[in-house]
Amino acid sequence: MPIEFAKYHGLGNDFILIDNRHSSEPVITPEQAVDLCDRHFGIGADGVIFALPGQNDTDYTMRIFNSDGSEPEMCGNGIRCLAKFIADLEGSQAKTQYRLHTLAGVISPELRSDGQVKVDMGVPRLLAAEIPTTLAAADAKAIDVPIEVADKSWSVTCVSMGNPHCITFVEDVAAIALETVGPQFEHNKAFPQRTNTEFIEVVRSDYVKMRVWERGAGVTLACGTGACAAVVAGVLVGKCDRATAVELPGGVLEIEWAEVSGRIYMTGPAQRVFTGCISD
Ligand code: ZDP
């Protein structure tokens, strides 16, 4: 059966969106997702995202497959794209705020009148067991701890936004050999569920530059959960303000880690590119 899709991107982090509202099982398998994400033999994307029926009193459920077929718990840029996709599907019935069930809990995106999407990303998790990482004792935090990767010692901070992130602050983010170093972080034995890795250059305490190596997707132009995790790490090590702009190769995300509630808010764009139909 032909399957309709829409292609969206958030700062160049691009996704194939599937209307899966009629069934609680994704209509595409992880193996098919790998083929569809291929930039030469497929549609081309960093992942495939499904809008499934809601669970536990939510409007919809989000599931996502990375371009390697693995399934992450959450996806920051992707959830902004999903919010726009749902609003487009609902047309005149569209709401300005949704509650979405994800493997990382309930996440609430808000469609603002200026076209940006602001997402309540929930509360970051910091305990080593929650990341998961072996860089600290299970019930301790891995903040500014050393790790040996690619014959070099790095100081890293680990944050879970539902999915695992390892953040390291560097002098010159442009000088990082992402393709070489990234996979060695992703597959390091200190990260039993593998990890996303963010390299951060602090320009000012409220403005940083970031490059990312994503678990299951490699080099991407932006990573929403990664930008959130980076600001949390920056606050924890005293390098960032609680409201910090994160400049990624694909553009800028505004991140705020609220002091009282401990919740993180991410604001950024989401854009429809085209729609199409996958034939058998
Ligand atoms: O955790 C992972 O395996 C990530 N590759 C998921 C995707 C994260 C994303 N780039 C984001 O914006 O948070 C979509």
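We're numbering straight along the sequence, starting at 1. Atoms within each ligand, like the ligands themselves, are counted from 1 in listed order. These numbers come from the heavy atoms of this one structure, side chains and all, not from hydrogens, waters or symmetry mates.
A side-chain donor-acceptor contact under 3.5 Å links D19 to the backbone of R21. Of the possible donor and acceptor atoms, none in the side chain of R242 sits under 3.5 Å from a partner among the backbone N and O of V235. The backbone N or O of Y98 sits nowhere less than 3.5 Å from a side-chain atom of D59 that would complete a donor-acceptor pair.
Cation-pi geometry between K118 and Y265 is satisfied (NZ or CZ under 6.0 Å from the ring centre, within 45° of the ring normal).
At a 4.0 Å heavy-atom cut-off, the residues surrounding ligand 1 are N13, F15, N66, P72, M74, C75, G76, N77, N163, N196, E214, R215, A222, C223, G224, T225, listed by chain and number.
F199 has its ring centre less than 6.0 Å from the ring centre of F185.
Heavy atoms from other residues, nucleotides or ligands lying under 6.0 Å from CD of E4 number 12 at most.
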